[in-house]
Amino acid sequence: MPTLAYLIEELVTANRILARENIVDSFGHISVRHPDNPQRYLLSRSRAPDCIEAADIMEFTLEGDPVDAKGRAPYLERFIHGALFEARPDVMSVVHNHSESVIPYGVTGQKIKPIYHMGASIGHEVPVWDSHDQFGDTALLVENMAMGRDLAKLMGHGATALMRGHGATVAGRNIRHAVYISVYLEANARLQKQAMDMGDVKFLTSGEVDKVASRTSSYGINRAWENWCRRAGRQMQPEQG
Ligand SMILES: [Zn+2]
């Protein structure tokens, strides 16, 4: 199992990478399940991802209550993370973002599907969660566990979901995996729009998606991670766990 100190450093690096790669801007966040207590998770205090340091990382119960806030204000949308960790024992890290290329797919009925091999990790098709279906007119933010659980239910066993008029949520088996999927969800959305503008799109077949996904190992993810660490000005840690 990874150590707490390792995961806190990894989480800081992940925030900086997501900012550097334009997956988050001043908003958006990434969490990791606590290594010693699966009923807890780690997430920064409410702060822009590119500014986050180790002292910003807070511990939460799955319900979203801070364990020892020490005066730090949490993100309003932390319930996304707790609801996914609660529903999915296989999920160890969650990213929530408002990355720009995915937004149009959440509002048009046009589904994001893998258009190239790097996009296979997003799943066969990215489902769209519409908060209005269950909760009516809201500020669109996931600000309680009922909304978080409804989103987690829509996501099912998948790795990705869009949120209508809002953004996207990604679930991974560790921090690097969640970042990897988030980066290529944005890239796939951007390229899919370019392709659709040119004409009919031939997406990856279902079998191709399965084959590429089964070959997406930590070897390839770590290759990307090393490059992203360099771009974000962060030291790459030897992988744990
Ligand atoms: Zn949001």
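Just so you know, ligand 1 is whichever comes first in the structure, and atom 1 is the first atom listed for that ligand. Index from 1, following the sequence.
Separation of atoms SG (Cys229) and CZ (Arg176) is listed at 6.5 Å; rounding is to 0.5 Å. From Met236, atom CE reaches atom CG of Asn227 across 10.5 Å, with rounding to the nearest 0.5 Å. Once rounded to the nearest 0.5 Å, the distance linking CD1 of Ile175 with CD1 of Ile221 reads 12.5 Å. One finds the CD atom of Gln192 at 7.5 Å from the NZ atom of Lys113 (value rounded to the nearest 0.5 Å).
Between Tyr41 and Phe60, the ring planes are parallel. Angles under 30° get that label, and only those over 60° would be called perpendicular.
Take a cut-off of 2.8 Å around the Zn ion (ligand 1): the protein N, O or S atoms inside it are Glu77 OE1, His96 NE2, His98 NE2, His166 NE2.
The ring pair (Phe, Tyr, Trp, His ring centres under 6.0 Å) pairs that include a residue from residues 123-166 are His96-His166, His98-His166, where partners are two or more places apart or lie in different chains.
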